[in-house]
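Below: one structure in structure tokens.
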Amino acid sequence: MKRIYFDNNATTKPDARVVQKVLEQAQEIFGNPSSLHYEGQQAKRLLEESRRIIAEEIGARPDEIVFTSGGTEANNLAIKGVAEVFSEKGNHLLTSSIEHQSIKSTHQYLERKGYKVSWIPVDNNGVIDLELLEKSLRPDSILVSVMLANNELGTIQPVKQAAEIAHKKGIYFHCDAVQALGKMPVKVDELGVDLMSISAHKIYAFKGIGALYIRKGTKLTPQTQGGHQEKNRRSGTENLPGILSFAEAIKIFQQEKAERIKRMSLLREKLEKGLKEKFGFARINAELAPRIPNTTSVSFPGFDGEILLLNLDAMGIAVSTGSACRAGMTEPSYVLQAIGLSKEEAQGTLRISLGKDNTDEEVDYFLDALGKALEKIKRGD
Ligand SMILES: *Cc1c(COP(=O)(O)O)cnc(C)c1O
């Protein structure tokens, strides 16, 4: 059976051109970039060329990019690194109530270590309350972390304004831009961020590679001890095949950017129009908020999202109930509850996240299959 993949916010299928390029390079260029001999220096050249490409895409300087094992590690390094270096100045951190699990858990970890965290709420559209953010800043605040695009809702946060609020008080600002990269402009100077996390596998490259942007002059304590790689900000031999995949995916994105974003927007418009026409009782979450162009969160009151997901899967379609990390757990999404959904409504929600290669036919097939799944569940068979 031909599969339809509508879970691109969980991960994307690596672009065939990315895989090809990495195969060509990784076989021949295998040296350790820290070695002084020819093999090492060849690897070093590729590493630095990749760093330059990735830096350029987000408007950064190459030496402001630190490679990590992904978005999760970049988020951990940013938050724990700042918390540690400023532990004398203060122990108060601020973040939103709808951050990715890796941001949420890192803050909870620091709470257990004695740090104080203000969790800033969002409105019904999933947009952070900037006034409350400003009012919650204290003399002992050391970091504000707000994501750019939410992975469950697609909502875009007013990061530039939030960063200005933090900077007025001399406080660092971190942004989790993992879900935004590849779907909207992501430029560190326009956003005004000091630290920013990105990840390769959300943009058609390999899993297990990401980066933290660290603005020149920003202080942070390394969280990995070892061979002083990445200018001593993240020890460990660099994942060169992963980094090559990341750079190649960015290069392809640069060529296809406008077309990709337009295609996804039109496809999502078709999807949401179809959902509303066919299923009058369904509700699209954060529909009126500014959103990245590929994500739809839709609630089916009275239905269980997981059962819907499994029925769709049996018909060849991959969607999500919200967060990939929740697999096997029964606790409904904290993100959906933060925008005012009840536990039951949250439980009956599907996330459909489109990718660059999805088609009109796939959306038609999905709408049809969804109708059948809802009927089947209602009949109770
Ligand atoms: C996927 C994701 C992450 C985690 O990135 P990994 O590379 O999978 O560790 C972090 N934040 C957001 C918003 C994400 O969507």
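Counting convention: from 1, in listed order, for ligands and their atoms alike. All figures in this text were calculated on a predicted structure; none of them were measured in a lab.
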Worksheet entry | Pair Lys270 + Glu362, salt bridge at N-O below 4.0 Å |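 No salt bridge links Lys270 with Glu362.
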
Worksheet item: Under 3.5 Å, is there a donor-acceptor pair linking the side chains of Ser197 and His174?
Response: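 Short answer, yes.
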
Practice prompt. List for me each residue that meets ring pair (Phe, Tyr, Trp, His ring centres under 6.0 Å) alongside Phe67, sequence neighbours excluded, and say none if there are none.
Written response: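 Phe67 satisfies ring pair (Phe, Tyr, Trp, His ring centres under 6.0 Å) with no residue once adjacent residues are dropped.
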
Item to complete: Would you check if there is a donor-acceptor pair between the side chains of Ser87 and Glu84 at a distance under 3.5 Å?
Response: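 No, no side-chain donor-acceptor contact under 3.5 Å.
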
Worksheet item: In order of chain and number, which residues sit within 4.0 Å of ligand 1 by heavy atom?
Response: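 Heavy-atom contacts below 4.0 Å: Gly70, Gly71, Thr72, Asn75, His100, Ser102, Met147, Asn151, Asp176, Val178, Gln179, Ser199, His201, Lys202.
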
Could you pull out every donor-acceptor pair under 3.5 Å between side chains of residues 117-127 and any protein atom, sequence neighbours left out?
from, atom 1, to, atom 2, distance (Å)
Ser118, OG, His92, NE2, 2.7
Trp119, NE1, Glu111, OE2, 3.3
Asp123, OD1, Asn125, N, 2.8
Asp123, OD1, Gly126, N, 3.1
Asp123, OD1, Val127, N, 3.0

Worksheet item: Partners of Gln254 by side-chain hydrogen bond (donor to acceptor under 3.5 Å, both in side chains), sequence neighbours excluded?
Response: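 Checked Gln254 against side-chain hydrogen bond (donor to acceptor under 3.5 Å, both in side chains); matches are Glu57.
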
